[in-house]
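Data first, discussion second: the structure below is written as structure tokens.
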Amino acid sequence: MKFEPIHAPSATDIFTNQMKEAIILRKLKPGETLPHERELAEQMGVSRSVINHGLQRLAQLHFITIKPRQGAVVADYLVDGTLETMHEVVALHDGFYTPAMLQSIYQVRRSLECDAIKLAAQKRLAEPLREARRALMRFKNGDNLDVQSPAIFDFFHSLAIASGNQVYTMMINSLKPIYLRLGRWNAQRDNGVATIFELNETLLTAVEAGQVAEAVAADERLIEWSLQDLMQA
């Protein structure tokens, strides 16, 4: 038997994660100035290089802003953040979603998906739609969430490819961690797999038939069910 190597988190990783969690949970609030590097190093019992590298990483993720002669200031990641920031928020505690965050995600999803699906129903590109059908069957026949969650992402990614719009394809791909996590949560609910399959089957059938209005309406029903299911969890 071959054993995989164990990789322990570095001191920089531990510091970065500790600070990130404090900022996401608003224990450290936007506009608050952090102690200087030397003071942080003394409090945490690590070297200044650990603190410096950690602060640089937090700045890259838009959790803090490093200002000359002022030091590190907590940023409002909801205002300054990017998709990379959002992925970090999502990864916290296996998924950190306030109701407002969920509603924002689904508002973007509705806008993005519905237009991509409208185009997919208009163009009816054969191979991406065949791949969407294969992904849907992988979801239906999958016996665990590790199979079903990626399959449902592949379903929507294939529909984005079927739209013929390369930007939609890349945008949905950039949201993959969110699709995976939310799809996993929906699927593990009572009757979740059956409901997702039924809604997506209706959606895909409409796209394959070129029924634009029906396809968009089916996606809107799916999005509304998914959001309400998670809001009640």
Side-chain angles (χ1 to χ4, degrees), residues 82-84 86-87 90 95 97 99-142 145-189 191-233:
T82 63
L83 278 176
E84 188 178 12
M86 187 171 185
H87 293 333
V90 168
Y97 291 97
M101 175 69 78
L102 275 175
Q103 289 169 345
S104 295
I105 289 171
Y106 277 87
Q107 186 177 25
V108 170
R109 180 175 170 179
R110 181 176 283 107
S111 176
L112 177 64
E113 263 182 36
C114 286
D115 200 46
I117 284 166
K118 176 181 177 181
L119 291 172
Q122 290 172 341
K123 296 186 177 182
R124 300 166 66 189
L125 300 178
E127 182 51 37
L129 293 184
R130 280 195 291 269
E131 183 52 44
R133 175 64 64 182
R134 287 191 286 265
L136 187 57
M137 296 313 296
R138 286 199 303 275
F139 173 79
K140 179 183 180 182
N141 298 325
L145 293 172
D146 291 335
V147 174
Q148 292 164 327
S149 179
I152 214 62
F153 168 76
D154 291 341
F155 174 79
F156 284 104
H157 190 242
S158 296
L159 289 178
I161 295 172
S163 75
N165 186 303
Q166 296 176 348
V167 175
Y168 281 153
T169 302
M170 289 186 288
M171 288 177 70
I172 285 186
N173 205 34
S174 71
L175 295 171
K176 183 175 182 177
I178 296 168
Y179 272 90
L180 290 175
R181 195 175 303 276
L182 298 184
R184 189 181 188 93
W185 286 350
N186 282 145
Q188 68 188 14
R189 303 272 285 169
N191 298 316
V193 171
T195 302
I196 292 170
F197 176 77
E198 179 183 350
L199 291 169
N200 284 343
E201 169 69 20
T202 301
L203 165 60
L204 181 56
T205 299
V207 171
E208 291 170 332
Q211 297 171 333
V212 176
E214 291 84 349
V216 172
D219 190 50
E220 289 178 340
R221 287 195 299 272
L222 171 66
I223 289 170
E224 185 61 24
W225 170 82
S226 178
L227 173 59
Q228 294 306 317
D229 178 65
L230 295 177
M231 292 287 282
Q232 295 167 13

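- Ion pairing between a basic and an acidic side chain is recognised when a charged N comes within 4.0 Å of a carboxylate O; E208 and R133 show such pairing.
- Counting only distance, with no hydrogens or angles, the side chain of S226 and the backbone of I223 share no donor-acceptor pair below 3.5 Å.
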Task: Step-by-step side chain to side chain contact (heavy atoms under 4.5 Å, CB included) determination, L203 to V207 - done: CA-CA 6 Å; L203 165 60; V207 171; 4.1 Å; yes
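- Panel note: side chain H87, backbone K176; no donor-acceptor pair is recorded below 3.5 Å.
- Rounding to the nearest 0.5 Å gives a distance of 7.5 Å between CD1 of I152 and CG of L222.
- Residues L102 and L182 meet the side-chain proximity criterion, which asks for heavy atoms closer than 4.5 Å.
- Closest non-hydrogen pair, V193 versus F139, comes out as O-CE2, 3.5 Å.
- Without hydrogens or angle criteria, T195 side chain to N191 main chain gives a donor-acceptor distance under 3.5 Å.
- Within the 3.5 Å criterion, the main-chain N or O of L180 finds a donor-acceptor partner in the side chain of S149.
- In this structure, CG on N200 lies 4.5 Å from CZ on F156, to the nearest 0.5 angstrom.
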- [ ] Under the side chain to side chain contact (heavy atoms under 4.5 Å, CB included) rule, what do T205 and E214 come out as? Steps first, then yes or no, please.
- [x] CA-CA 9 Å; T205 299; E214 291 84 349; over 6 Å; no
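- Going from atom CG of L227 over to atom CZ of R109 covers 9.5 Å, rounded to the nearest 0.5 Å.
- Here the closest heavy-atom approach between residue I161 and residue L125 is recorded as O-CD1, 4.0 Å.
- Of the inter-residue distances, the one linking S163 atom OG with K118 atom NZ reads 12.5 Å to the nearest 0.5 angstrom.
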TODO: Kindly determine whether N173 and Y179 satisfy side chain to side chain contact (heavy atoms under 4.5 Å, CB included), including the steps that lead there.
DONE: CA-CA 9 Å; N173 205 34; Y179 272 90; over 6 Å; no
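- Between D146 and R184 there is a salt bridge, since a side-chain N of the basic residue sits under 4.0 Å from a carboxylate O of the acidic one.
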Open item on the list: Pair N165, D115 - check side chain to side chain contact (heavy atoms under 4.5 Å, CB included), show working.
Closed with: CA-CA 10 Å; N165 186 303; D115 200 46; over 6 Å; no
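- Counting non-hydrogen atoms of other residues, nucleotides and ligands closer than 6.0 Å to CD of Q103 gives a total above 12.
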Open item on the list: Test side chain to side chain donor-acceptor pair (under 3.5 Å) on E198 and T202; report intermediate values, then the result.
Closed with: CA-CA 6 Å; E198 179 183 350; T202 301; 5.7 Å; no
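- Distance check, rounded to the nearest 0.5 Å: OG1 of T169 to CG of L159 gives 10.0 Å.
- A salt bridge is defined here as a Lys NZ or Arg NE, NH1 or NH2 lying under 4.0 Å from an Asp or Glu carboxylate O, and R130 with E127 meets this definition.
- How far CZ of R134 is from CG of L129: 10.5 Å, rounded to the nearest 0.5 Å.
- Here the side chain of N141 pairs a donor or acceptor atom with the backbone of M137 at under 3.5 angstrom.
- Evaluation of the side-chain contact (heavy atoms from CB on, under 4.5 Å) rule for E84 yields R57, L61, T82 as partners, not counting sequence neighbours.
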